[in-house]
Amino acid sequence: MGPQSKPLSPSTNQSIVILDFGSQVTQLIARRIREQNVFSVVLPCTASLNEVKSCAPVGIVLSGAPWSVYDKDAPPADPRLFDLGLPVLGICYGLQFMVHTLGGKVHPAAKREYGHAEIDIVSESVLFSGLAKRQPVWMSHGDEALALPSGFVTTARTPHAIAAIQNVEKKWFAVQFHPEVHHTRNGTEILRNFIFNICGAKPDWTPQHFIDSTIEQVKSRVGSDRAICALSGGVDSSVAAVLVDRALRDSKGKRALSGAEGSRLTCIFVNNGVLRKNEFENVQKTLRERLGLRLDAVDATAVFLKKLKGVTDPEKKRKIIGNEFIKVFEREAKRIEKREGKVKWLVQGTLYPDVIESRSVRGPSQVIKSHHNVGGLPEKMKLKLIEPLKDLFKDEVRRIGRDLGIPEEILRRQPFPGPGLAVRVLGEVTPERLALLRECDDIVVTEVKNAGLYSQIWQSFAVLLPVMSVGVMGDMRTYAYTCAIRAVSSEDGMTADWVALPYEVLKKISTRIVNEVKGVNRVVYDVTSKPPGTIEWE
């Protein structure tokens with residue numbers, strides 16, 4: 001994203017650094033640590049020692065991986081991380097990397113272990129302090145440690161293999177199972193022992209501390225300059241706007257929720273032509289009346305749809321929308337400058353999952369898709385970015401929003417992708433297809449709300465498929481589009497399970513769509529989890 005995307009610091013002077021070797025559940029480690037009010041940051045396993053040290057770590061965690069340490073293409077890490085004098089916890093592959101790197105031996109296991117298992121704690125270890133001698137855990141490995149490096153002892157075993165090791169003098173610990181997943185019953189206690197009893201971390205990463213320190217950082221960074229905020233009306237951009245608005249209030253110290261006067265932040269809400277039904281009007285009213293923000297609304301429908309004409313590739317859609325958003329914001333900044341003075345900063349509600357999914361940070365994890373506000377941004381921008389939520393997961397943002405006093409109706413809004421309906425109209429985006437999808441989507445959301453399920457579901461929406469099928473209505477043959485319904489549950493969007501919507505709800509949604517949306521004659525339900533699918537279809 002270039003030099004302008006430098007994030008604010010994590011509002012704490014300590015962290016637990018997690019080196020990611022490519023595990024699908026690495027982010028769960030970060031979440032479990034943050035649940036203890038300790039900041040955690042995920043870096044690629046290839047991160048330099050300077051990058052690691054820049055995070056002020058009090059400990060390091062080595063993640064799992066779908067590799068064997070002796071594979072030619074096994075992900076590397078700088079072995080000098082063991083010379084930093086920091087406590088280290090290896091998890092699954094992390095144990096094997098530790099053993100292999102420090103002079104032990106790893107080989108294919110005679111009996112692979114996947115799923116539920118029981119370990120016996122065979123030696124005293126602070127890692128298992130307060131726990132029973134037998135523990136239920138979750139295994140996922142085909143290799144095992146055969147010979148331990150000098151200074152290590154085995155602290156836990158299964159009937160088939162070493163399950164945990166330690167070098168107390170060096171403060172190096174490792175487990176062959178996954179303490180971060182819920183299936184390991186006392187996994188949180190094991191991580192707590194590492195975080196507090198071994199690393200000596202302090203639980204000082206609280207919502208209020210984050211709010212106070214972020215406001216001070218924004219004040220210091222922006223100075224007397226002016227800023228604009230890319231505001232969609234969703235949870236992320238709303239929380240980011242209120243945070244920065246409080247920092248850029250005048251000397252009278254007016255709060256963001258008490259009125260729009262006296263702030264050097266102007267929020268820009270853009271109609272990119274791919275919003276939901278009536279969203280352009282409804283969001284403006286909510287943002288002005290409930291958040292008291294200075295808001296300029298820009299209808300750029302024609303420009304966006306012209307750029308998207310004929311485009312079918314999802315990545316191109318995202319990048320086009322990301323680039324065009326920036327052009328709109330830069331034009332608006334010039335307009336504001338004429339009446340108020342120089343605008344140098346652009347505020348975005350980018351979250352941690354956006355960053356993770358948008359780019360492979362020089363590690364083994366692959367790019368899943370470019371988010372319009374991360375991978376979709378142009379390399380060169382006139383405005384400097386402020387992304388106060390870039391280190392946070394969605395549930396953390398909601399907690400901070402509550403401490404800021406943001407109304408629950410905004411905080412409980414389901415996520416909506418920045419590229420909007422452009423990634424829910426599969427194939428080419430046309431006004432006609434958008435009109436069909438808006439009606440279908442409005443029916444889905446309305447019926448989910450009527451059933452009292454909206455706040456219990458991470459996302460529920462409609463997708464218009466580029467699939468035509470034969471139907472019959474009123475004894476007449478039809479040949480029309482297919483609509484897919486998607487509803488998922490999730491904690492942070494990194495993983496998700498499909499929701500078994502009640503039969504009656506699905507029946508009502510389907511009946512309304514085929515009866516009320518002329519041009520759609522078939523409704524299907526998506527029962528795919530993430531992984532292997534993504535939440536959005538594109």
Can a side-chain donor-acceptor contact be found between Ser263 and Arg294 if the only test is distance below 3.5 angstrom? no
Please name all residues satisfying ring-ring contact (aromatic ring centres under 6.0 Å, His included) with Tyr93, sequence neighbours left out, ordered by chain then number. Phe21
Please table the atom pairs, donor to acceptor, closer than 3.5 Å between any side-chain atom in residues 303-312 and protein atoms at least two apart or in another chain.
none

Check whether NZ of the Lys or CZ of the Arg Arg34 lies under 6.0 Å from the centre of the six-membered ring of Phe393 and within 45 degrees of that ring's axis. no
Considering only heavy atoms from C-beta outward, does the side chain of Val328 approach that of Asn272 to under 4.5 Å? no
Just to verify, what does His182 make a ring-ring contact (aromatic ring centres under 6.0 Å, His included) with, not counting sequence neighbours? none
Inter- and intrachain pairs under side chain to side chain donor-acceptor pair (under 3.5 Å), touching residues 440-455, at least two apart: Glu447-Arg512
Check ion pair Asp236-Lys394 (N to O, under 4.0 angstrom): yes
All salt bridge (Lys or Arg N to Asp or Glu O under 4.0 Å) counterparts of Glu35, not counting sequence neighbours: Arg32
Sub-3.5 Å donor-acceptor pair from the side chain of Ser68 to the main-chain atoms of Asp71, do we have one? no
Are Glu189 and Arg192 close enough for a salt bridge, meaning some N to O gap below 4.0 Å? no
Residues that Phe280 engages under ring-ring contact (aromatic ring centres under 6.0 Å, His included), provided they are two or more places apart: Phe269
Glu538 and salt bridge (Lys or Arg N to Asp or Glu O under 4.0 Å): which partner among Arg486, Lys316, Lys317? Lys317
If every non-hydrogen atom of Arg398 is compared with every non-hydrogen atom of Trp458, which pair is closest and at what distance? NH1-CZ3, 4.1 Å
